2 protein chains.
Amino acid sequence: MMNASAASVHTLLVVEDDAQIRDFLQLSLRAAGYVPLLARTLAEALQLWQDKQPAMLILDLGLPDGDGLSLIKTLRARSDRPILVLSARQSEQDKVQCLNQGADDYLAKPFGVDELLARIRVALRRMERMQLRDQRYQVEALQIDLADGLVRLHGEALHLSPLEYKLLMQLAQHAGRVMTHRQLLQAVWGAEYVDDTHYLRIHMGRLRAKIERDPAAPRYLITELGIGYRLAAS
Amino acid sequence: MMNASAASVHTLLVVEDDAQIRDFLQLSLRAAGYVPLLARTLAEALQLWQDKQPAMLILDLGLPDGDGLSLIKTLRARSDRPILVLSARQSEQDKVQCLNQGADDYLAKPFGVDELLARIRVALRRMERMQLRDQRYQVEALQIDLADGLVRLHGEALHLSPLEYKLLMQLAQHAGRVMTHRQLLQAVWGAEYVDDTHYLRIHMGRLRAKIERDPAAPRYLITELGIGYRLAAS
DNA sequence: TGGCCGGTATATCAACCGCATAAACGCGCG
DNA sequence: CGCGCGTTTATGCGGTTGATATACCGGCCA
């Protein structure tokens with residue numbers, strides 16, 4: 001059985017110029033089960049944001065190379081992900097300005113780790129509710145709602161096992177493109193199972209039995225010989 | 001600063017026992033274009049919440065007639081609307097506890113009006129993105145009124161324990177969609193109970209005993225193996 | 001054409017894990 | 001004290017999973 005917590009590992013972008021605080025944040029976040037990405041400057045932050053697409057931003061104001069507010073505005077324009085601002089400044093005006101520009105929360109230094117973690121949790125919790133909203137995949141009679149966690153065939157829901165569901169979601173997220181055996185095994189079973197293509201065959205078979213009208217001549221779940229599998233695109 | 005347009009006038013429930021602060025909040029909020037509803041006690045608050053369905057809750061901790069935390073848990077179990085906590089207590093533990101139980105923000109006294117307004121704006125802004133769903137749920141003989149908190153089976157109201165009620169409301173709010181064990185535990189028991197799935201099983205069983213005609217073959221309360229539960233949609 | 005072979009699909013079955021249910025316990029409250 | 005409710009403990013059941021075995025299918029070559 002796969003690890004449940006592995007599914008909800010969040011990547012957090014931390015923008016902080018002070019090396020000491022940066023280390024402190026890195027350790028705390030990692031200890032709490034997150035994957036922190038560290039940036040020292042706004043430019044670096046923007047790069048990482050686009051590159052890694054972290055779940056949220058933790059931004060320390062007062063960076064050397066520019067105004068933190070501009071980063072908030074920029075990111076808010078592109079994404080709905082949570083932004084939490086840390087700052088040494090206590091002034092109400094600063095807070096109001098940040099919040100108005102699109103920040104979701106503002107935490108003044110000095111703060112406790114526990115409060116920081118709690119506020120991160122709040123932000124992520126809320127985001128998860130909104131996030132899976134309009135992700136939907138459809139080809140012919142097969143329809144996959146990631147939001148509802150439902151898979152429909154000719155309109156009526158069909159029942160998948162957790163593993164089959166994971167597998168199908170994985171394919172649906174890269175619909176139309178080939179996913180290699182290794183990729184699928186890595187994503188569904190974990191890194192240790194990367195070579196056991198055997199598992200894949202079995203469960204692909206079971207998936208086809210439920211999804212395909214004629215499993216011997218699959219219309220949705222295409223096998224790419226010697227490479228992997230692919231979910232047909234519209 | 002411009003006012004929110006008249007089209008989006010928001011009703012805010014303010015729970016505050018100190019008359020002076022209450023007046024102050026009332027005036028400030030009204031001046032900012034909101035419609036404040038005032039409550040002195042938890043009972044009153046609960047009543048107004050069900051009655052008027054305000055857009056969010058602003059809760060002062062330390063009320064005379066009970067624990068504010070319980071109100072947070074109760075409301076969070078029934079609704080996704082924002083909860084902002086005000087408190088004289090500065091301790092980190094208080095903050096963490098509130099945030100874990102489902103509060104969206106925590107503002108320690110003394111605070112400035114502008115910051116309060118900014119944080120309210122953030123909460124409402126975010127909420128508007130999430131579309132609230134219908135306040136009534138019905139499938140076949142099962143009918144749930146989220147507004148007045150009534151559950152009917154074949155037309156006649158049936159009695160649920162507070163916990164069963166919370167559980168069912170939570171499911172009804174996301175009717176048709178799978179709710180994970182973690183989500184349900186977080187919403188009903190709190191963030192600390194996120195891993196105790198056995199609580200869920202037991203109380204789901206009791207819910208089914210009251211709701212389902214044949215609990216062994218549930219029609220409304222569907223279990224999604226390895227994932228969570230789902231209230232069947234029409 | 002027929003046989004071999006790598007890669008792939010299906011069948012069967014046992015072990016295990018997650019789930020449901022029952023029943024006992026503890027606690028607050030009238 | 002007895003009642004209602006939430007928690008804890010115990011136990012049986014069924015679905016899911018993965019191991020093993022067997023059948024398939026196309027390409028290649030003699």
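All chains are named by letter (A, B, ...) in the order of the sequence lines, taking the proteins before the strands, and each is independently numbered beginning at 1. Bear in mind that the values here come from a model prediction, so they are computed numbers and not experimental data.
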I222(A) has an atom CD1; how far is it from atom P of dA9(C), in whole Å?
11 Å
Without decimals, in angstroms, what is the distance between L160(B) CG and dG4(D) C1'?
14 Å
Are L124(A) and Y34(A) close enough that some pair of their side-chain heavy atoms sits under 4.5 Å apart?
yes
Provide, to the nearest angstrom, the distance between the CG atom belonging to D196(A) and the P atom belonging to dT8(C).
14 Å
Any non-hydrogen side-chain atom of L167(B) less than 4.5 Å from a side-chain atom of L200(B)?
yes
Does T197(B) reach a base, just sugar-phosphate, or nothing at all? Heavy atoms under 4.0 Å.
nothing
Rounded to the Å, how far apart are I211(A) CD1 and dA9(C) P?
14 Å
Do the side-chain N or O atoms of W189(A) get closer than 4.0 angstrom to the phosphate oxygens (OP1, OP2) of dT17(D)?
no
Are any non-hydrogen side-chain atoms of L99(A) and R121(B) less than 4.5 angstrom apart?
no
Length of the CG-P vector between L200(B) and dC19(C), whole Å:
9 Å
Side-chain N or O of H198(B) closer than 4.0 Å to phosphate OP1/OP2 of dG18(C)
no
For the helix from dT1(C)-dA30(D) to dG30(C)-dC1(D), measure the angle between the helix axis at one end and the axis at the other, each built from five pairs, rounding to 10°.
10°
Distance-only, no hydrogens or angles: does the N100(B) side chain make a donor-acceptor pair with backbone N or O of A191(B) under 3.5 Å?
no
Quick check: do Y199(A) and M204(A) have side-chain heavy atoms less than 4.5 Å from each other?
no
Round to a whole Å and report the spacing from CG of L163(A) to C1' of dG18(C).
14 Å
Evaluate side-chain hydrogen bond (donor to acceptor under 3.5 Å, both in side chains) for Y106(B) paired with S87(B), printing each intermediate quantity in order.
CA-CA 8 Å; Y106(B) 186 108; S87(B) 172; 3.1 Å; yes
Between E16(B) and R22(B), the two heavy atoms sitting closest are O-NH1, 3.1 Å
Within a strict 4.5 Å, meaning less than it, do heavy atoms of the V113(A) and L25(A) side chains meet?
no
Looking only at the side chain of P162(A) (C-beta and beyond, no hydrogens), which of the listed nucleotides dA9(C), dT16(D), dC19(C) gets closest?
dT16(D)
Starting at atom OH of Y165(A), determine the distance to atom P of dT17(D), rounded to an integer number of angstrom.
14 Å
Expressed as a whole number of angstroms, how long is the span from H203(A):NE2 to dA11(C):C1'?
14 Å
Look at the side-chain N and O atoms of S161(A) and state whether any lies under 4.0 Å from the OP1 or OP2 oxygen of dT17(D).
yes
Look at the side chain of K210(A) and the backbone N and O of H159(A), then say whether any donor-acceptor pair between them is shorter than 3.5 Å.
yes
Output all residues satisfying ring-ring contact (aromatic ring centres under 6.0 Å, His included) with Y229(A), sequence neighbours left out; order by chain, then residue number.
H181(A)
Can a side chain N or O of Y193(B) be found less than 4.0 Å away from OP1 or OP2 on dT7(D)?
no
How does protein contact run along nucleotides 21-30 of chain C, one letter per nucleotide 5' to 3', with B for base contact, S for sugar-phosphate only, - for none, heavy atoms under 4.0 Å?
BBB-------
Identify whether any heavy atom of Y229(A) sits under 4.0 Å from a base atom; if not, whether one sits that close to sugar-phosphate; answer base, sugar-phosphate or nothing.
sugar-phosphate
